[in-house]
Structure formats: C-alpha cells, structure tokens
Amino acid sequence: RYYLLSSFFMLLLTGAAFYFVFRLMKHQNIYAQARIAFTSNMTHELKTPVAVMEAALDAITRYQLTNDPEKLLQYINISKTELHRLNMMIEKVLNLDEADSGETKLRSELYDVQQGLEQVVRSMQLQHTSAGIHYHPSAEPCFLDGDPVHLTNVFYNLIDNALKYGGKDVQVNITCHCTADNIVISVKDNGPGIAKIYHARIFERFFRVQDNVDVHNVKGSGLGLNYVKQIVEKHGGKIRVVSDLGKGTEFIIELPVYNEV
Ligand code: ADP
C-alpha cells in the first residue's frame, strides 16, 4: 500500500516539475541572463523537495513504519512540508507568467485586511511553532477594494521572508494601522537586515542578496518581493523597506482604504 502511495506521489511530483519547467521555458527571451541563473537555481530548488520527499516515502515503505506511529507521522509531515514548498514555488512562477503576459486580472472585492492578516498569521504560526509571530491589529476596521487571493499572497510572502531570513530566534511583528484614508501594514523582523545599497534591487525580479545570509541555506527564487510590489501598486499602494545590516528588516505597505461612492 505504501509502495503504491509513494509511486503516486512521485508521479504527481514529476508531472508538476515538468509542467513548471515547460511554463518557465515559454519566456526564454526576457531577461536572458537572469533566466540562466534563475533556471539553475530553481532546478536545484525543485530537486531538493522532490529528493527529500522521495527519501521520506522510501523510509516509510522500507522500514514498515506503521509499527512506529510517531516516526510515521514525522515522515508524513516532512513530505507535507516539502509538497507545500514545491507548491509555493510553482505558484510564484505561475504568477510571474501571468504578469509577463499581462494576464494578472485583479478582482475587485470588499476585503477585510485584518481578517486576511489574521488568517495568514494563524497559518504561519501553525507551520512555524518555534518562531515568535505576533500580530497587533488596528483598533479601527480596515477595508479596501481589492483581490483577496493576491493580497493574502502579499502578506504570506512578507511573513515567510521574515521567517526564512530571520534566523533561529526570529521574532516577527505584524502591525496594521488604519486611518480615514490609509491602511498601513508593517512586517518587522529582528533578523540580519539588508544593507542600504540593496534596498532598491531587492524588488527586482530574480535579485537575491548574496552577502547578508548564506543564500545556499535559505531557499528562494528572487521573485517574491517583485510580485509583492506589483500587487501592492496595482491596488494603488506603495511599499518600502526600512533596514540595515544587523538592524532587522521592516517592510511597510500603504494602501488606500475602501471608499463608498
Ligand atoms: P527570495 O526570498 O525568493 O530570494 P524575494 O524577492 O522574496 O526572493 O527577496 C529578495 C531578497 O531580499 C532575498 O533573497 C533576501 O536576500 C532579501 N530579503 C527579503 N526579505 C528579507 C528579510 N526579511 N530579511 C533579510 N533579507 C531579506
């Protein structure tokens, strides 16, 4: 049974990987050089979760872990985490694909920012039980006119980065402040920080800072912040970074509030 299950998972993963590479190749001409670096980086990144899942599923079948429920659960959880990571990577490339072809069509809905933030924070707290993730909501209600899926992705990306780069004892503080005109959201960590010379560049596609942390240990594609900026701007907002080496990092988003006409 476990053999069948693992074969099914592997088939699914291989299919996803092929689909991903295929979509990637459609845009060969753009950013040719950056793409070469990106492709080799992503190939490595795609291989890692697939290899880890393969090893975990292999262990489940080979060592008959049904007799050891605790270990079984541990390996299943590893597989789930890796699958989630793979899914995030595919999502990022699909978003990029949409943006290139001008297909990013935003929905226009009444969006409760506090509720969206709370959901993302809760999900991150579940996935990172040892990190300190603190949400400080606004006393005022915060609504805007926007796309719930993309806005949720924006919050997810910023908190995910804070956790990824923040190091072992990371503390992430998320605040939301609402005035009559503006919604100001801040995601602040006590991680290694980003040197000022990189502040503009981190929003470029594929750009990754090479010297603040060992990038080989922190997985990434250099797509997240570019996507975040695009979505914020498409909602009529602005994003900026306040950071320096050794001083942590804060991303501040300002978005216009919903106005009834
Ligand atoms: P990725 O995380 O996939 O590399 P992003 O576009 O999300 O891509 O981020 C670009 C770069 O900005 C990262 O590679 C990292 O060097 C830097 N960065 C982003 N967020 C943080 C943070 N909270 N702390 C330190 N560095 C960060």
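Read the numbers this way: they start at 1 and go in the same order the structure lists the ligands and their atoms. Sequence positions, counted from 1, serve as the residue numbers for this chain.
Contact annotation: for D189 versus ligand 1, heavy atoms closer than 4.0 Å belong to the side chain alone. Within the 4.0 Å heavy-atom criterion, both parts of L225, backbone and side chain, lie near ligand 1.
Considering only non-hydrogen atoms, atom 21 (C) of ligand 1 lies nearest to Y165 out of Y198, F206, F203, Y165.
Of the possible donor and acceptor atoms, none in the side chain of D147 sits under 3.5 Å from a partner among the backbone N and O of L106. The main-chain N or O of I174 is never found under 3.5 Å from a side-chain atom of H136 such that the two would form a donor-acceptor pair. Of the possible polar contacts, none joining the S243 side chain to the G193 backbone as a donor-acceptor pair under 3.5 Å is found.
The shortest N or O to N or O distance between G222 and ligand 1 is below 3.5 Å. The N/O atoms of K164, backbone and side chain alike, include one that comes under 3.5 Å of an N/O atom in ligand 1. Checking only distances, V209 does come within under 3.5 Å of ligand 1, N or O to N or O. At under 3.5 Å, not a single nitrogen or oxygen of P192, backbone or side chain, sits near a nitrogen or oxygen of ligand 1.
Around NE2 of H128, the count of heavy atoms belonging to other residues, nucleotides or ligands within 6.0 Å exceeds 12.
Side-chain contact between C142 and C176: present, with at least one pair of heavy atoms (C-beta onward) separated by less than 4.5 Å. Side-chain atoms of V113 and I183, non-hydrogen and from C-beta on, do get closer than 4.5 Å to each other.
Within ligand 1, counting atoms from 1 as listed, the ones closer than 4.0 Å to a heavy atom of L223 are 6 (O), 8 (O). Contact atoms of ligand 1 toward F251: 20 (N) (distance under 4.0 Å to a heavy atom of the residue). Interface atoms of ligand 1 facing F207, defined by a heavy-atom separation under 4.0 Å, are 10 (C), 11 (C).
Listed by chain and number, the residues in a side chain to side chain donor-acceptor pair (under 3.5 Å) with D145 are S108 (sequence neighbours excluded).
The closest approach between a heavy atom of A162 and any atom of ligand 1 is below 4.0 Å.
Evaluation of the salt bridge (Lys or Arg N to Asp or Glu O under 4.0 Å) test over residues 183-200, restricted to residues two or more places apart or in two chains, returns K196-D244.
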